[in-house]
Amino acid sequence: MRIHYLNCGTDCPLGGPLFDGISKGPLARLSCAAQLIETDQGLVLIDTGYGVQDVRHPHPRLSRTMDALLNIRFRIEETAIHQVKALGFSADDVRHIVLTHLDFDHAGGIEDLPRARVHVMERERDAAEHRRRGFVARRRYRPVQWDDVRDWRTYASGGEPWFGFDAVRELEGLPPEILLVPLPGHTWGHAGIAVQNGEGWVLNAGDAYFYRGEMDVANPRCTPGLRAYQKLMEVDRESRLRNQDRLRDLKREQGGAVTIFCSHDAVELAGMQVSATNTG
Ligand SMILES: [Zn+2]
């Protein structure tokens, strides 16, 4: 299965290196990672970043508070549909969307791909639909981004283990090489998505962590800006931090077999893009 690594959104919060650890100026650069996978069952998109409607009419579709905090750069050329077409495919070729969670910066492109079946943890859909209470919950979940979806597939936690993690296998209509790996904490139904390619496993950890230094097994660390943002957005700190521990253990013990990356670290995403080009 060929995997394309896409950046489907850019956030430039004020704080520069205090967020991304690398910027020279006052603005940071955070990515919104997505993967487009060519399978025998058609194209599968993992996460969708911001979509065409987010770019054209960001408000009130998205929260002004979140936009101000993140300083979102709305770029049509970064939308998944634009990149799908640039690769020579059409919107209808995308048959499945698998989501780490339903936050506004992951779910924005769903309705640009109307033929896709949408897969997500049941707990996440439930939280986004029925538990939008509180300052953050109302601003993170934006039902207008997915209220036209008719073909949802939702999954309960539990299942056959994958390197010691629970894993949901056999997503309906998808090849067995794509798994949901529940990693709650950032949201109630947050999950990583594991994909087996020719060389081994790649785990898209979504928002289970935000900064590459958090996966440094010897000296885990995070920038102050991303530490604060993760605290603002978390629903369950204990689970979130425990899952970060488990991901570091996974990297320590299975680093040869499993490559881990997250949604918003642009340096990590660039590394994935380079290695995909070299092997693909
Ligand atoms: Zn996110």
Side-chain angles (χ1 to χ4, degrees), residues 5-13 15 19-21 28-35 45-51 54-55 58 61-63 65-75 78-80 97-110 118 120-121 123-125 127-128 132 135-143 145-146 180-193 203-212 214-215 222-223 225-237 239-241 243-244 247 260-269 272:
Y5 291 85
L6 312 179
N7 177 33
C8 291
T10 300
D11 301 330
C12 297
F19 277 84
D20 63 17
R29 189 167 66 88
L30 306 178
S31 58
C32 295
Q35 292 154 285
L45 183 65
I46 296 184
D47 273 355
T48 72
Y50 300 113
D54 300 317
V55 173
R61 187 175 158 96
L62 300 180
S63 146
T65 311
M66 298 312 302
D67 187 7
L69 193 61
L70 293 172
N71 192 18
I72 302 167
R73 296 303 157 102
F74 294 106
R75 295 172 179 150
E78 287 184 346
T79 59
I97 293 171
V98 189
L99 296 169
T100 58
H101 61 306
L102 280 164
D103 271 356
F104 63 97
D105 52 340
H106 299 254
I110 293 175
V118 181
V120 69
M121 295 301 294
R123 223 177 157 194
E124 184 66 10
R125 178 133 191 256
R132 280 182 73 235
F135 184 86
V136 170
R138 284 198 309 276
R139 285 164 179 78
R140 75 184 325 161
Y141 293 130
R142 308 300 279 186
Q145 290 181 320
W146 31 264
L180 275 168
V181 180
L183 297 170
H186 176 70
T187 63
W188 292 112
H190 181 277
I193 295 156
L203 177 64
N204 178 339
D207 288 1
Y209 70 97
F210 274 63
Y211 180 63
R212 55 199 174 281
E214 292 178 284
M215 286 300 113
C222 189
T223 56
L226 288 176
R227 192 183 307 123
Y229 187 73
Q230 291 184 82
K231 279 188 184 166
L232 172 72
M233 301 302 285
E234 71 191 4
V235 296
D236 178 351
R237 177 167 307 167
S239 295
R240 182 172 71 80
L241 297 179
N243 279 323
Q244 289 187 351
L247 289 171
I260 308 171
F261 73 103
C262 69
S263 295
H264 299 302
D265 189 313
V267 173
E268 255 187 8
L269 178 61
M272 298 305 295

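Just follow the structure's listing: the first ligand is 1, and inside any ligand the first atom is 1.
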task = Please find out if the Zn ion (ligand 1) and some N, O or S atom of H186 are separated by less than 2.8 Å.
result = no

inquiry  = Run the side-chain hydrogen bond (donor to acceptor under 3.5 Å, both in side chains) test on E124 and Y141 for me, step by step, so that the C-alpha distance in whole Å, both residues' side-chain angles and the decisive distance to 0.1 Å come before the verdict.
reply    = CA-CA 10 Å; E124 184 66 10; Y141 293 130; 2.8 Å; yes

D207, N/O/S atom nearest the Zn ion (ligand 1) = OD2

inquiry  = So, 2.8 Å as the limit: is an N/O/S atom of H101 located closer than that to the Zn ion (ligand 1)?
reply    = no

ask   = Of all N/O/S atoms in D105, which lies nearest to the Zn ion (ligand 1)?
value = OD2

ask   = Are H186 and D103 side-chain neighbours, meaning at least one heavy-atom pair lies under 4.5 Å?
value = yes

request  = Could you tell me whether a side-chain N or O of D20 sits under 3.5 Å from a main-chain N or O of A28, the two making a donor and an acceptor?
outcome  = no

request  = Report the C-alpha distance between Q145 and D54 in whole Å, list the side-chain angles of each, state the deciding distance to 0.1 Å, and finish with yes or no for side-chain hydrogen bond (donor to acceptor under 3.5 Å, both in side chains).
outcome  = CA-CA 9 Å; Q145 290 181 320; D54 300 317; 3.3 Å; yes

